[in-house]
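Contents: one structure, followed by commentary.
In what follows, chains carry the letters A, B, and so on, assigned in the order in which the sequence lines appear, proteins first and then strands, with residues in each chain numbered from 1. The model shown is predicted, which means the values in this text are computed figures rather than measured ones.
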There are 2 protein chains.
Amino acid sequence: MIRKRIECISCQNESCLIKKFCHDEVAQKFLKKKNTIPCRKTQNIIIEGAPIHGIFFVYSGKVKVLNTGINGREQILRFAKDGEMLGQRGFSTHQYYPIGAVALEDTVLCNFSTNDMRKMLQEIPQMAYDFMVFYADELNRSETKVRKFAHMTVREKVIDSLLYINRKFGQKKGYLSIRLSRKEIADFAGTTEEQVIRVISVLKKDGLIISDAKKLGIPSTDILKQEIDEHHYFIQS
Amino acid sequence: MIRKRIECISCQNESCLIKKFCHDEVAQKFLKKKNTIPCRKTQNIIIEGAPIHGIFFVYSGKVKVLNTGINGREQILRFAKDGEMLGQRGFSTHQYYPIGAVALEDTVLCNFSTNDMRKMLQEIPQMAYDFMVFYADELNRSETKVRKFAHMTVREKVIDSLLYINRKFGQKKGYLSIRLSRKEIADFAGTTEEQVIRVISVLKKDGLIISDAKKLGIPSTDILKQEIDEHHYFIQS
DNA sequence: CGGTGTCTTGATTCTCATCAATTACTGTGG
DNA sequence: CCACAGTAATTGATGAGAATCAAGACACCG
């Protein structure tokens with residue numbers, strides 16, 4: 001576990017919205033003030049409903065972003081990996097985090113206070129613009145998801161979720177490089193554990209996905225993609 | 001129908017993200033170039049999948065924002081009224097509008113080309129920041145909706161939709177000041193026309209909503225709100 | 001080698017979408 | 001002003017899909 005401070009200069013996450021400005025003079029005073037926070041698997045990074053205390057960037061590791069209904073059911077909204085942002089809502093009028101975030105494996109985070117982040121965005125116009133584009137894309141993605149939840153069958157939702165996980169985290173040696181429980185897939189797909197299991201069973205029987213121990217693999221995404229697209233010609237995001 | 005050009009200076013929509021900068025010097029050259037577009041009820045403002053040709057602001061009127069699956073089913077993503085924005089995705093990497101927009105009544109729009117809008121945002125940092133906050137809020141709203149679609153019953157979704165419509169457009173003389181068909185409510189709530197009718201019937205019987213001719217009214221939102229909150233303590237948006 | 005948690009499968013129940021048929025409403029032209 | 005057509009709203013019946021419930025298999029860990 002990395003405990004030492006991470007400097008943006010030496011960071012390899014080219015997609016990070018901050019990294020891009022690591023040579024910017026104005027940015028320097030803020031970059032100096034950021035914190036490096038290591039956290040262990042299953043640890044809560046952001047607690048839903050807690051007062052907002054800044055914005056996070058994933059330096060390394062994997063995270064799930066979720067929120068909970070009072071019935072105890074949790075909805076996973078998205079996953080985040082290296083270079084991605086968490087707790088982005090400090091800017092809107094909210095006082096409390098509307099979402100929670102949990103580390104799926106050992107993770108290292110960079111943290112900026114909401115105040116510093118605000119100032120940095122106001123002082124570096126290009127950064128505000130970049131953030132705006134980022135949010136616009138996220139909004140797109142989220143609205144696509146609304147549509148999916150409204151009209152897809154469980155089978156389609158599960159397939160769609162598996163494809164998303166595959167796109168996001170990729171495969172290593174033929175298997176998805178992230179291990180999620182059936183429950184987590186269900187919470188992401190918007191269904192129940194049992195349904196996910198049933199769909200996965202059928203997909204395995206049909207040879208559309210493979211499994212070894214607890215790992216899942218997708219030999220070819222083509223047929224699966226095709227099935228989704230046939231009924232919903234979505235602009236993927 | 002207003003045909004003459006609308007000037008931001010004389011516009012009354014205080015919530016408009018552009019109006020706020022109508023005295024800004026840098027903004028002037030862009031404001032001069034905007035177009036005023038009147039359109040009639042049921043007219044298509046944005047056609048889903050068409051090449052992006054700018055961003056719109058509602059000067060007056062009411063609009064629905066939607067997208068369609070190949071099965072013909074449409075999902076209404078949100079409604080927009082005076083001062084609100086349409087086709088906001090010109091900034092992200094998309095080439096085509098991922099959504100469509102249709103006028104629900106006679107509507108007057110202001111239009112900026114994507115290029116002008118981009119330049120304006122780059123040249124006026126505070127505007128980029130405001131837009132960023134706007135998107136962040138929209139994202140929040142959308143993610144709340146994902147959660148709702150995942151876990152609410154049809155009855156809850158319909159009630160939630162009616163409350164949203166009421167919040168957004170308000171009531172006049174005890175009735176909602178917008179008239180939507182059952183089908184439109186269904187497309188927004190993520191269910192079918194028949195289900196909406198059934199739920200509304202029951203709600204009328206229980207005196208929770210009233211109707212006169214085609215108009216719907218909500219005498220008191222308290223009980224309805226309570227029903228939603230009991231099962232899902234959402235941060236409303 | 002218990003024990004705990006995840007995974008799996010089957011059976012049951014229930015909600016909701018669909019289909020079909022009827023009624024109410026709106027606008028138009030004669 | 002009324003007849004008519006076309007659209008929207010309504011109601012009931014049915015079936016499919018999905019959530020829930022229950023029980024057992026499996027793996028992992030002390």
Side-chain angles (χ1 to χ4, degrees), chain A residues 41-42 64 69 71-76 104 147-162 175-176 178-206 209-216 227 231-232, chain B residues 40-42 64 69 71-76 104-105 147-162 175-176 178-205 209-217 227 231-232:
Chain A
K41 187 175 174 171
T42 75
K64 62 177 173 182
N71 44 5
R73 250 180 133 154
E74 79 180 26
Q75 176 63 46
I76 295 179
L104 290 170
R147 205 172 20 156
K148 285 175 176 169
F149 271 48
H151 300 312
M152 278 184 164
T153 64
V154 162
R155 180 185 162 99
E156 290 169 332
K157 289 197 275 189
V158 171
I159 290 175
D160 188 70
S161 300
L162 291 175
Y175 294 97
L176 291 176
I178 185 172
R179 169 136 169 33
L180 297 169
S181 71
R182 307 296 195 234
K183 178 74 166 46
E184 283 168 326
I185 297 173
D187 290 338
F188 182 65
T191 180
T192 59
E193 190 180 358
E194 293 95 324
Q195 298 301 334
V196 169
I197 288 164
R198 280 182 239 275
V199 172
I200 287 182
S201 289
V202 174
L203 292 177
K204 279 200 284 196
K205 241 170 233 149
D206 296 347
I209 64 176
I210 54 170
S211 74
D212 176 38
K214 297 285 140 172
K215 287 169 189 275
L216 284 181
E227 182 172 336
H231 294 267
H232 319 262
Chain B
R40 295 239 167 252
K41 187 173 174 172
T42 75
K64 61 178 173 182
N71 44 5
R73 252 181 131 153
E74 79 180 26
Q75 176 63 46
I76 296 180
L104 291 169
E105 38 185 74
R147 203 173 17 158
K148 285 174 176 170
F149 270 47
H151 298 313
M152 278 183 164
T153 65
V154 162
R155 180 185 161 100
E156 290 169 332
K157 288 197 276 191
V158 172
I159 291 176
D160 189 69
S161 299
L162 291 174
Y175 294 96
L176 291 177
I178 185 174
R179 169 134 169 30
L180 297 169
S181 71
R182 307 295 195 237
K183 178 73 167 48
E184 284 169 325
I185 297 173
D187 289 339
F188 181 65
T191 180
T192 60
E193 190 179 0
E194 294 94 325
Q195 297 301 333
V196 169
I197 288 165
R198 280 180 238 275
V199 172
I200 287 182
S201 290
V202 174
L203 292 177
K204 279 200 282 197
K205 243 172 230 146
I209 63 176
I210 54 171
S211 73
D212 175 38
K214 296 283 140 174
K215 286 167 188 276
L216 284 181
E227 182 173 335
H231 294 266
H232 318 262

Whole angstrom is fine here: how far is it from CD in B:E156 over to P in C:dT15? 12 Å
Starting at atom CZ of A:F149, determine the distance to atom P of D:dA19, rounded to an integer number of angstrom. 11 Å
How many Å lie between CD on A:E193 and P on C:dT8, as a whole number? 9 Å
Spacing between B:K157 atom NZ and C:dA17 atom C1', to the nearest angstrom: 11 Å
For the atom pair CD (A:E184) and CZ (A:R179), what is the distance rounded to the nearest 0.5 Å? 8.5 Å
How many whole angstroms separate atom CD1 of B:I209 from atom P of D:dA9? 13 Å
With a 4.0 Å limit, can you tell me whether B:K204 has a side-chain N or O closer than that to the phosphate oxygens OP1/OP2 of D:dT10? yes
Quick check: closest heavy atoms across B:Y175 and B:D212, and the distance to 0.1 Å? OH-CB, 3.3 Å
Minimum heavy-atom distance between B:T192 and B:R73, given as atom pair plus value: CG2-NH2, 3.8 Å
Measure the distance from CG on A:L180 to C1' on C:dC7 and round it to the nearest whole Å. 15 Å
Kindly give the heavy-atom pair with the smallest separation between A:K157 and A:F149, and that separation in Å. NZ-O, 4.2 Å
Pairwise 5' ranking along DNA chain D for A:T192 and B:R182, keeping only the more 5' one: B:R182
B:L216, B:I200, B:L203, B:L176 screened by side chain to side chain contact (heavy atoms under 4.5 Å, CB included) with B:S211, the one that passes: B:L216
B:A186 versus B:E193, closest heavy-atom pair with distance: CB-N, 3.5 Å
Whole angstrom is fine here: how far is it from NE2 in A:H151 over to P in D:dA18? 14 Å
Taking only heavy atoms on the protein side, list every residue of residues 194-202 of chain B lying under 4.0 Å from any atom of DNA chain C, sorted numerically. B:E194, B:Q195, B:R198
Rounded to the nearest Å, what distance is computed from the CZ atom of residue A:R73 to the P atom of nucleotide D:dA18? 13 Å
For C:dC7, does either OP1 or OP2 sit under 4.0 Å from a side-chain N or O belonging to A:R179? yes
Below 3.5 Å is the cut-off: list the nitrogen or oxygen pairs between protein and nucleotides 27-30 of chain D, distance only.
none

Taking all heavy atoms of B:A150 and all of A:G190, pick out the closest pair and write down the distance. CB-CA, 4.4 Å
Closest non-hydrogen atom pair between A:V154 and A:Q195, with its separation: CG1-CB, 3.7 Å
Considering just the side-chain nitrogens and oxygens of A:K205, establish if one lies under 4.0 Å of OP1 or OP2 belonging to C:dT8. no
Does A:K183 NZ have over 12 foreign heavy atoms under 6.0 Å away? yes
